Amino acid sequence: MPHPFPEIPRWSTRDADTDEPNDARLVPDEPPLEGAPKSPADSILLSIPGLSKAADKAVAFGKAKNYAEQQKVVRETVHELLSDARGLTDFLDGLDTIKEVRAYENLKRFKREMMSALENITIPADAMVAERWITLYAESKVYATLAETVLRNSFAGCQSEAAVVDLAYAVALGGLKSSNEKVVTKTIKILHYQTPVIPPGGKTARLYLMSSISDDEDIFLRKREIDNVASALVRVRFPELEAKIKANLEKLTLNQATVGAVRRRQQTPGGGIDRFARILRMVKANKSLSAADHTRMMEMIRQDPTAETAAKVFAQFGIESGADLEMVNKVGRGGELHQWHADLRAEEISTQSDQAYIGVHLPQFHGALPLNRSVLREAIISRLMLGQPEQMSDEQYWRTLAHVLPPEFDTREFREQALPALRELNDFYSRDLSGDTMHLLSPRGDSVDIEDPMLTAIGITKIELQMDERNKRDTAVTLDIGRAKYRILLDQYAALRDIKNPDHPVNLPDDGEFIRAVILGYTHAVRCTEFANEQSDSGTESGVLLRGGRRAHRRVLPKGKKPTRDQIITIWKKYEVDINRLNAERLAEHQAQGLPVDEFKLATYVSQVDPLEDSGSPVELKAPKTTERLRAALRFPPLASLVR
């Protein structure tokens, strides 16, 4: 029978003409296959997430010499995987998968011990960790029971109202912010006693409920924040759950142990029950006020923002005391949960109506308000006038502050003209501040009272500039607005940054060009203009007045002269200004302008002299001409014409 396939000629391994070995080598034969991989490392299955780690731990468990060593492997594994629910499930799935590769010693017992250990763990009060476990609880059929057990054990392990509220806050923050609707729903149910995680009975539920009237104000406020946000979400997105939630809450409040705890707490004057009652009174009084009454009440308090005036005004409008308003303000202030919900509500309302809304963040208020400039301005200023003295630095506070503008900005025509002019002015300030700094800040800091009616009318009264201790070339800015102090970092290139985290830039909306011009303008007046002695003629360019003495300032040296070694060292140590770098930048700019190098003159900084000591309260300055450029950019009348 003929061969079904013809013979295929092979290349000779020798050259036909020379009989020398040919460069074209035969490919060596591949070794024969050896069957299934001998070890996990040889298996392509190890590319599955969690499988390699599962194999390593299974081997370690199998090699353990005794029970104690095996338990050590289990504890270490659980600890490594605790904060990552997805990694944990990949690991457990991996234990099942590696059985397909080879038989491991004690593999079944290892998984059994792992599951037993996991059923006794508790998670920390961390929003990210909580969100991962709630996601597993909501999405997995295989591991839902495990996730429920872990969450229930975590709450059951809380031995105080503070611990329960801390964990509930993390669950709310992690679960309610999820983009997964199942996770949000499961979180709502957890927080309203609708799951075995906090069942409506027993110690955990009682601690959680009693925190609503806690005598500890911090616990009370955090629980109110959870309740306010969760209840608002239920009303808007889960109305079908309202009846069940109400029934469970009634069942819990009628529990005999709970009733007894409430009665005992009623005996504490001024405690959580009294706070709760004050909130209800204030809410009732606010509902009875018309919008016009509310506006008149705020205006009266703004004219004289003292406690005595506030008490009289409140009484006039039927509000029993300022303490009621203060407590409502504290509840409204909240934390990250309230802040997130305010932005969410603004988005939701905007999509459901013709009016645009924005999230407004103030010391005593996080909420959604219509994007109406006059309404926003009055709402923000009134709350800043009424608020408790407080420092604020988060970006969301500054983004809200960007909407505090003179009334002229209310018209579209004015804004269209003003914003380009403000950007141009801010570019001018930035160039000077980063490349033409004449004075260094006082080591004590510098404080300027703001007297321009354009600014005082919207609550801006003072600006304070301090060298930032982390990098003295940066400036810590504090702006007094009403009773609040807004803090931000101005870096050496005049960019706005988060004062708590200098790596994070603060980005303001378009309207923020105005508040940025205020900050840059006063900083420019102190750093980049000539000073005048308070007793001398104040008709200098800036009119910045200084009580005696001389602060550290830049001096251009005669041609051919260089900074002294002492100047270079002293200015670096005290102000972290590198004089050599300064001159290198100046020379580069000089050359960029096409000027001859031989005309270039070096500069130095000379130190301050008494009476500007290094310690004490900030140096008080006056800068009455600072807003002239700002007024010119906005085409406002000169300040002098307003104060005559």
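Because the structure is a prediction, the values reported are computed rather than measured.
- Closest approach of E225 to G335, counting heavy atoms only: OE2-N, 2.8 Å.
- For the salt bridge (charged side-chain N to carboxylate O under 4.0 Å, His left out) condition, the pairs that include at least one residue of residues 126-140, sequence neighbours left out, are E139-K182.
- Not one N or O on the side chain of D468 forms a donor-acceptor pair closer than 3.5 Å with the backbone of T475.
- Between the side chain of T400 and the backbone N or O of L362, no donor-acceptor pair lies under 3.5 Å.
- Looking at residues two or more places apart in sequence or on another chain, you find no side chain to side chain donor-acceptor pair (under 3.5 Å) involving R152.
- Residues passing the side chain to side chain donor-acceptor pair (under 3.5 Å) test with K186, sequence neighbours excluded: none.
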Quiz: residues 235-247 side-chain donor-acceptor pairs under 3.5 angstrom, not counting sequence neighbours:
unit_1 : atom_1 : unit_2 : atom_2 : d
R237   : NH2    : E181   : OE1    : 2.9

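- R516 and A494 make their closest contact through NH2-O, 4.3 Å (heavy atoms, listed as atom of the first residue, atom of the second, distance).
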| task | Take L490 and L496 through the side-chain contact (heavy atoms from CB on, under 4.5 Å) test and state the conclusion after the steps. | result | CA-CA 5 Å; L490 193 65; L496 299 177; 3.7 Å; yes
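- Put simply, CE on M114 and CG on L92 are 5.5 Å apart, with the number rounded to the nearest 0.5 Å.
- In this structure, K53 pairs ionically with E80, as a charged nitrogen and a carboxylate oxygen lie closer than 4.0 Å.
- In this structure, T204 OG1 and I198 CD1 are separated by 7.5 Å, a value rounded to the nearest 0.5 Å.
- Using modelled atom types, no side-chain atom of T122 and backbone atom of N153 make a donor-acceptor pair closer than 3.5 Å.
- For the residue pair Y208 and A168, the shortest heavy atom distance occurs at CE1-CB, 3.5 Å.
- A distance-only check finds a donor-acceptor pair linking the side chain of S434 to the backbone of S430 [under 3.5 Å].
- Among residues two or more places apart in sequence or in another chain, the side-chain contact (heavy atoms from CB on, under 4.5 Å) test is passed with A402 by P509.
- When each of I488, I499, D394, N501 is tested with V506 by the rule side chain to side chain contact (heavy atoms under 4.5 Å, CB included), just one qualifies, namely I488.
- The backbone N or O of G174 lies less than 3.5 Å from no partner atom in the side chain of S178, so there is not a single donor-acceptor pair.
- Atom OH in Y143 sits 4.0 Å away from atom CG in D93 (nearest 0.5 Å).
- Taken to the nearest 0.5 Å, the CZ atom of R224 stands 14.5 Å off from the CD1 atom of I219.
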Verify side-chain contact (heavy atoms from CB on, under 4.5 Å) between H341 and N228, making sure each step is shown before the conclusion.
CA-CA 10 Å; H341 185 248; N228 287 348; over 6 Å; no
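- The structure places CG of L233 at 5.5 Å from CG of L176, a figure rounded to the nearest 0.5 Å.
- Evaluated for a side chain to side chain donor-acceptor pair (under 3.5 Å) with H361, the options H366, R399, E395 yield exactly one hit, H366.
- Nearest heavy atom pair, residue L401 against residue I515, reads CD2-CG1, 4.1 Å.
- Applying the ring-ring contact (aromatic ring centres under 6.0 Å, His included) test to every pair with at least one member in residues 484-509, sequence neighbours left out, gives these pairs: W398-Y486.
- For M115, the CE atom is densely surrounded, since the number of other residues' heavy atoms within 6.0 Å is greater than 12.
- Note that OG1 of T145 is 9.5 Å distant from CD of E119, once rounded to the nearest 0.5 Å.
- Shortest non-hydrogen contact noted between A342 and A368 is O-CB, 4.0 Å.
- Side chain of S214 to backbone of D216: a donor-acceptor contact under 3.5 angstrom is found.
- The closest donor-acceptor contact from the side chain of E576 to the backbone of K472 lies under 3.5 Å.
- Panel note: side chain S212, backbone L209; a donor-acceptor pair is recorded below 3.5 Å.
- Scanning all heavy atoms of the two residues, the minimum distance from A125 to D166 falls at CB-O, 3.7 Å.
- The main-chain N or O of A476 is never found under 3.5 Å from a side-chain atom of R487 such that the two would form a donor-acceptor pair.
- Between Y169 and E336, the side chains place no donor N or O within less than 3.5 Å of an acceptor N or O (distance only, hydrogens not considered).
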